[in-house]
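Order of listing sets the numbers, starting from 1, for every ligand and every atom in it. Throughout, numbering of the chain's residues begins at 1 and tracks the sequence.
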Amino acid sequence: MTAPPATPRHVAIIMDGNGRWAERRHRPRAFGHRAGQKAVRASVRACRERGIPTLTLFAFSSENWQRPREEVGALMDLFLRALDSEVDELHSAGVRLDFIGDIGAFAPALRERMQAATLRTAGNATLTLNIAVNYGGRWDITQAARRLASEAAAGRLVPDDIDEPTFAARLALAGLPPPDLLIRTGGEHRISNFLLWQLAYAELYFTETLWPDFDAAALDAALEDYARRERRFGRTGNQSRARA
Ligand code: FPP
């Protein structure tokens with residue numbers, strides 16, 4: 001499907017509100033995370049149908065380890081089962097799956113499934129789905145700086161070679177366009193250490209909708225709002241309209 005011109009090339013989502021959604025139903029928080037998985041499925045389908053080529057979802061932050069042990073365990077279990085149950089369908093739908101974040105911290109079984117899913121779907125091109133797990137924007141910037149420092153120490157580059165493109169090429173999501181639109185569900189108005197570098201010029205959209213209730217209609221509301229934004233990238237309104 002050809003997307004209309006105001007369609008973002010890359011949507012990033014902070015999926016917030018699973019816990020409150022469950023609490024309102026007097027159910028454990030893990031129940032909300034399971035409902036969140038259905039919303040992930042619906043969003044992937046809706047992005048494919050709307051011709052959005054890249055979707056990045058914040059599934060587990062570097063700070064989420066601080067949650068109660070049972071909740072972290074339930075999330076790990078959910079990720080493992082989701083990898084077993086969803087990858088066939090994602091692959092048939094032409095989705096390229098990738099994981100960004102410090103995946104070395106996960107149990108070997110989970111890591112192996114992530115790597116296998118990445119390898120298996122690497123040739124797909126309908127939609128790139130990046131799942132951020134044990135991800136933090138500061139971690140991302142730090143690991144890129146560490147890689148550059150190692151390359152400099154090994155004599156493969158000199159400090160004067162380091163510019164924005166060189167830096168960006170060492171970050172997670174290197175090679176993909178930066179997100180045009182960031183959606184955060186659950187009513188909070190913050191970025192929470194998500195893609196700090198990559199969101200520099202993203203349009204931000206916040207909704208009270210809790211993540212398990214986020215569906216194609218909620219995505220359309222965000223896309224309609226995005227289509228009305230004037231993106232200036234530091235220029236004046238007149239300048240950016242003249243370039244459009
Ligand atoms: C935030 O809600 C959500 C999470 C920390 C987990 C996100 C996980 C999923 C949506 C499950 C499925 C994901 C995949 C990729 C299969 P919260 O718990 O912070 O909610 P609250 O703010 O209401 O407490």
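Classification of Arg81 and Glu86 as a salt-bridged pair fails, no side-chain N sitting under 4.0 Å from a carboxylate O.
Judged purely by distance below 3.5 Å, without hydrogens or angles, the side chains of Gln198 and Asp140 pair a donor atom with an acceptor atom. Side-chain atoms of His10 and Asp180 include no donor-acceptor pair closer than 3.5 Å.
Evaluated by nearest non-hydrogen atom to atom 14 (C) of ligand 1, the leading choice among Phe79, Phe60, Trp211, Phe214 is Phe79.
The shortest contact between atom 10 (C) of ligand 1 and any protein heavy atom is with Asn18 ND2, 3.5 Å. Among all non-hydrogen protein atoms, the one lying nearest atom 6 (C) of ligand 1 is Ala59 O, 3.3 Å. Of the protein's non-hydrogen atoms, Arg29 NH2, 2.9 Å is the one closest to atom 24 (O) of ligand 1. Remark: minimum distance from atom 16 (C) of ligand 1 to any protein heavy atom is reached at Ala82 CB, 3.7 Å. Shortest contact from atom 3 (C) of ligand 1 to any protein heavy atom: Met15 O, 3.1 Å. Nearest protein neighbour of atom 20 (O) of ligand 1, counting heavy atoms only, is Gly19 N, 3.0 Å. The nearest protein atom to atom 4 (C) of ligand 1, hydrogens excluded, is given as His33 CE1, 3.9 Å; this is a heavy-atom distance.
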Carefully, step by step, assess Asn134 and Trp65 under the rule side chain to side chain donor-acceptor pair (under 3.5 Å). CA-CA 8 Å; Asn134 195 22; Trp65 295 109; 2.9 Å; yes
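Here Leu57 has no heavy atoms under 4.0 Å from ligand 1, in either its backbone or its side chain.
Cation-pi geometry between Arg24 and Trp21 is not met: the NZ or CZ atom fails to fall both under 6.0 Å from the ring centre and inside 45° of the normal.
Between Ala202 and Leu182 the shortest heavy-atom distance is CB-N, 4.4 Å.
At least one heavy atom of Arg67 sits less than 4.0 Å from an atom of ligand 1.
Looking at ligand 1, you'll find an N or O of Arg20 within less than 3.5 Å of one of its N or O atoms.
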